[in-house]
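This report refers to the structure that appears directly beneath it.
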Amino acid sequence: MKAEIAPSVLSFNHAEIRPRVQELAEAGAQVIHLDVMDGQFVPPITFGDGLVKGLTDIPGPLYEAHLMIVRPEDQVERFVQAGCRRVIFHAEATVHAHRLVGHLHSLGVQAGVAINPATPAQAVSEVVGIADMILVMTVNPGWGGQKFIESCLAKVETIRSWNPSIRIEVDGGIDRSTLPRAKGVGADLFVVGSHLLDYPSLGQAVRELSALCD
Ligand code: DX5
Ligand code: ZN
């Protein structure tokens, strides 16, 4: 599968998320990453399905919800109805990851399972055969702009060795130097948040970072 970036809206002024997503879509972004936080699984609260619904009519990208919430099984249908074609939940947030992957498939969307830096790759060993994606957090979730945690790369390599075709996404501290290193060990989807703002325009960020994926 072609490697791609997944720009995150987390670092934008939240009052301006829609025009920023329009810019990203016009620049050719194939995936938009939407960080949903509930103040329980992680301390901050970001936004819910209402805001997501106000974005997904912008044509072009696939919209993915990264649910950093407790009891994700209670919420996934809202995000599917809001237009997300992929829903990612945390392995640490549910005792029924296998069932939730199946439920997402029955709703007609892709299922991603995320693991925090403290969670071993083995936590997803029983779902790599059924999930569409594993998200390896490369920072502790909750905030943009944190430093990439090097030791998480080994987990990407391990999961890739189990399944050569599954999507493996990395999230946290991804920039023009860490992206190629994560790609080198088998990641093929790269969430980029605060680093987008290091470029003169979002269009240039999408073009230059996408070129690193080729
Ligand atoms: C962090 C979020 C990330 C965040 C990444 O909890 O899951 O998606 O947007 O931000 P950066 O790229 O700044 O680390
Ligand atoms: Zn995220």
Side-chain angles (χ1 to χ4, degrees), residues 3-14 16-17 20-21 24 29-49 51-52 55 61-70 72 75-76 79 82 84-93 110-119 124 131-153 155-156 167-183 187-199 202 205-206 208-210 212-213:
E4 280 164 341
I5 61 163
S8 159
V9 305
L10 187 67
S11 294
F12 300 144
N13 175 338
H14 281 205
E16 298 172 353
I17 286 180
R20 297 289 88 78
V21 171
L24 291 165
Q30 298 294 301
V31 178
I32 298 291
H33 182 87
L34 300 162
D35 287 303
V36 177
M37 305 185 191
D38 66 352
Q40 295 189 66
F41 185 74
V42 290
I45 297 173
T46 53
F47 47 77
D49 58 304
L51 182 131
V52 171
L55 301 173
L62 176 152
Y63 293 87
E64 62 177 22
H66 174 195
L67 302 181
M68 286 161 274
I69 65 175
V70 298
Q75 296 292 331
V76 294
F79 290 90
C84 294
R85 303 295 302 153
R86 181 158 55 227
V87 177
I88 304 155
F89 64 88
H90 271 260
E92 304 88 353
Q110 294 181 36
V113 185
I115 51 172
N116 287 331
T119 303
V124 292
D132 302 283
M133 172 213 274
I134 302 297
L135 189 167
V136 176
M137 288 302 305
T138 42
V139 299
N140 285 294
W143 301 271
Q146 301 180 79
K147 192 174 179 308
F148 183 80
I149 301 172
E150 299 282 334
S151 56
C152 297
L153 287 178
K155 290 195 277 186
V156 173
R167 274 272 193 213
I168 302 180
E169 184 169 50
V170 284
D171 184 4
I174 299 298
D175 60 21
R176 62 171 78 84
S177 68
T178 53
L179 187 157
R181 297 182 49 222
K183 184 169 185 280
D188 60 2
L189 199 52
F190 309 92
V191 178
V192 187
S194 54
H195 183 57
L196 294 170
L197 307 178
D198 294 337
Y199 293 80
L202 290 179
V206 169
E208 291 192 18
L209 291 164
S210 297
L212 293 178
C213 295

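For reference, positions follow the sequence shown, starting with 1. We use all heavy atoms of the structure for the numbers below, so side chains are in, but hydrogens, waters and symmetry mates are not. In each ligand, atom 1 is the first atom listed, and ligand 1 is the first ligand listed.
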Quick one: closest heavy-atom pair of Glu64 and Ala6, and the distance?
OE2-CB, 3.9 Å
Looking only at heavy atoms, what is the nearest atom pair of Ala93 and Ile69, with distance?
CB-O, 3.3 Å
With respect to Ile5, which candidate in Leu189, Leu179, Val31 satisfies the side-chain contact (heavy atoms from CB on, under 4.5 Å) definition?
Leu179
Check the orientation of His90 and Phe41. Use parallel for under 30°, tilted for 30 to 60°, and perpendicular for over 60°.
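Tilted: the ring planes of His90 and Phe41 meet at 30° to 60°.
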Considering Phe190, Trp143, Phe12 one by one, which has a heavy atom nearer to atom 1 (C) of ligand 1 than any of the others?
Trp143
Verify the distance criterion only: is there a donor paired with an acceptor across the side chains of Asn116 and Thr119 at less than 3.5 Å?
no
Flag for Thr46-Asp35: side-chain donor and acceptor within less than 3.5 Å
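No, Thr46 and Asp35 have no side-chain donor paired with an acceptor closer than 3.5 Å.
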Using a strict 4.0 Å cut-off to heavy atoms of [X], name the atoms of ligand 1 that fall inside it.
X      : value
Leu10  : 4 (C), 9 (O)
Pro141 : 6 (O)
His66  : 7 (O)
Gly144 : 10 (O), 13 (O)
His33  : 8 (O)
Gly142 : 1 (C), 6 (O)
Val191 : 8 (O)
Gly145 : 11 (P), 13 (O), 14 (O)

Heavy atom of the protein closest to atom 2 (C) of ligand 1 (residue, atom name, distance)
Asp35 OD1, 3.4 Å
Give the residue, atom name and distance (to 0.1 Å) of the protein heavy atom nearest atom 14 (O) of ligand 1.
Gly173 N, 2.8 Å
Just distances here: any N/O of [X] and N/O of ligand 1 closer than 3.5 Å?
X      : result
Asn140 : no
Met37  : no
Val139 : no
Asp171 : yes
Ser194 : yes
Gly193 : yes
Ser8   : yes

CG/Asp198 to CG/Leu209 distance, rounded to the nearest 0.5 angstrom?
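Between Asp198 CG and Leu209 CG, I get 9.5 Å after rounding to 0.5 Å.
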Can you check whether Val136's main-chain N or O pairs, donor with acceptor, with Asp171's side chain at less than 3.5 Å?
no
May I ask you to decide if Gly172's main-chain N or O and Lys147's side chain share a donor-acceptor pair within less than 3.5 Å?
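No: the side chain of Lys147 does not pair with the backbone of Gly172.
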Do Ile32 and Leu62 come close enough that some side-chain heavy atom pair is under 4.5 Å?
no
Hey, does Ile149 have a side-chain heavy atom less than 4.5 Å from the side chain of Asn140?
yes
Going by the side chain to side chain donor-acceptor pair (under 3.5 Å) test, name the single residue among His33, Glu169, Arg86 that passes it with His66.
His33
If you have a sec, read the angle at the Zn ion (ligand 2) from Asp171 atom OD2 over to His66 atom ND1, to 10 degrees.
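Answer comes to 90°, rounded to 10°.
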Among the N/O/S atoms of Asp35, select the one at the shortest distance from the Zn ion (ligand 2) and name it.
OD1
